[in-house]
Amino acid sequence: MRAGMTIAIASGKGGTGKTFVSTNLFNAIVGEGDGAMLIDCDAEEPDDTLFFNVKRVCSREVTQKIPVIDAGKCTFCGRCREYCNYNAIFFLKEARRIKVMDDLCHGCGACSAACRSGAISEKEKPLGTVTDYLAGENLKIVEARMHPGNKSPVEVIREALKEADTAVTVLLDAPPGTSCPFVNTVSAADFTVLVTEPTPFGVADLKQAVKALKNIGKRCGAVVNKAGMGDGEVYAYLKAEGIPLLMSIPFDRNIAESCSKGELITDTDGRWKAEFRKLFETIRENL
Amino acid sequence: MKIAIASENDGMNSTVDGRFGRCPYFAFHDTSTGKTEFVRNPARESSEGAGPAAVEFVASRGTGLVMAGDFGTKIRSLLDGLGISMEKVTGKTVAEAIKSISINHPE
């Protein structure tokens with residue numbers, strides 16, 4: 001096994017405790033002096049930095065190219081419209097109307113390549129930011145943050161993932177769901193920890209996440225959070241699928257209260273530091 | 001005037017579709033001849049941007065008024081810019097919608 005492994009913490013269902021597991025696992029690893037990096041890929045609502053005393057190092061803007069059409073140079077040939085796969089160029093030949101629908105544009109550049117009259121230039125549309133933080137000596141947290149109003153956080157997540165330092169253990173706090181933002185995050189990982197809860201809702205979404213991971217050939221294990229509530233279906237499912245149960249976290253008001261204050265349970269309770277350290281070892285064994 | 005009505009199917013008794021961009025058919029009705037023609041909506045299968053593509057389709061056929069259950073914000077500004085009127089119609093058949101035109105939009 002190489003020195004630096006990449007572990008994604010994902011869930012399918014939102015609110016199961018991805019950030020709780022990510023931040024505490026990160027804290028437990030770095031507490032032992034091992035180098036580690038945490039990338040908050042939940043770009044629609046990143047919050048990992050709230051749990052650490054961080055110093056902002058630098059920030060960069062992630063942009064997408066959007067075509068700008070000069071109607072004076074446009075010959076209304078319609079080639080750009082033909083090339084566009086996303087109906088992002090509204091075009092009426094007879095009425096001589098052409099308009100870029102910014103919201104629909106994927107920034108692929110096909111229209112610029114199609115134009116023969118030099119009528120298309122490109123502008124940069126801000127999508128979000130990637131910010132580097134230091135949570136202590138050589139402890140880097142990278143945050144992907146999408147600007148409100150954009151339709152997808154994927155480009156911002158991809159840019160944040162480029163900062164992954166392969167020499168150390170990298171933790172990826174994945175976005176909820178099982179669509180493109182999830183897929184892009186877990187694709188960058190060697191192993192995915194699926195955080196779930198023992199409720200029918202939790203199990204239903206866990207199944208979707210497992211299916212998505214199988215489709216892209218990725219291994220995973222599960223952490224059952226809020227154990228003690230709900231029913232036993234999740235355990236039966238994990239057993240039937242042969243997915244290792246890496247850790248069980250009880251449904252405990254104290255944990256929720258501590259978390260809501262922005263505390264890390266691995267800081268306030270030594271037993272949990274040991275538990276998360278054990279989780280890290282269990283993940284290593286499963287790799 | 002030419003009118004495009006979003007339709008769930010290709011007959012006068014079809015219900016007016018709630019969606020403009022992704023309706024299966026457009027019923028093109030010409031008030032001067034009284035004739036109605038049902039045409040498949042080519043924008044329907046678009047993965048994205050069905051609305052603007054449907055506007056292109058109806059506008060290229062010289063439509064002056066569109067009828068559907070509702071219109072999205074992108075669609076509204078495009079139709080406005082082209083001087084095409086919109087009318088929201090719910091729970092009516094295409095035949096009933098056409099009948100209401102002469103009352104609401106007398107020529």
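Chain identifiers are assigned alphabetically (A, B, ...) following the order of the sequence lines, protein sequences preceding nucleic acid strands; residue numbering begins at 1 within each chain.
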Suppose we count any N or O donor within 3.5 Å of an acceptor, strictly below that value; which pairs fall between chain B and chain A?
unit_1 : atom_1 : unit_2 : atom_2 : d
B:S46  : OG     : A:N87  : ND2    : 3.1
B:E48  : O      : A:N87  : ND2    : 2.9
B:E48  : OE1    : A:H106 : NE2    : 3.0
B:E48  : OE1    : A:K151 : NZ     : 3.4
B:E48  : OE2    : A:H106 : NE2    : 2.8
B:G49  : O      : A:N87  : ND2    : 3.1
B:E56  : OE1    : A:R81  : NE     : 3.0
B:E56  : OE1    : A:R81  : NH2    : 2.8
B:E56  : OE2    : A:R81  : NE     : 2.9
B:E56  : OE2    : A:F91  : N      : 2.6
B:G81  : O      : A:R97  : NH1    : 3.2
B:G81  : O      : A:R97  : NH2    : 3.0

Original post:
Given B:T90 and B:K88, is the side chain to side chain contact (heavy atoms under 4.5 Å, CB included) satisfied, shown in steps?
Top reply: CA-CA 7 Å; B:T90 40; B:K88 286 188 192 178; over 6 Å; no

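Look at B:D70 and B:R19 and you find no salt bridge, because none of the NZ, NE, NH1 or NH2 atoms lies under 4.0 Å from a carboxylate O.
With sequence neighbours excluded, no residue forms a side chain to side chain contact (heavy atoms under 4.5 Å, CB included) with A:A204. By the side chain to side chain contact (heavy atoms under 4.5 Å, CB included) test, A:A222 is found to be paired with A:L238, A:I243, residues two or more places apart in sequence or in another chain being considered. Partners of B:D10 by side-chain hydrogen bond (donor to acceptor under 3.5 Å, both in side chains), not counting sequence neighbours: none found.
Annotation for B:F38 and B:S7: closest pair CE2-OG, 3.7 Å, computed over non-hydrogen atoms.
With a 4.5 angstrom heavy-atom cutoff, A:L92 touches chain B only via side-chain atoms. There is no contact between B:A43 and chain A, counting heavy-atom distances below 4.5 Å.
Looking at B:M67 and B:F20, their side chains never come closer than 4.5 Å, going by heavy atoms from C-beta outward.
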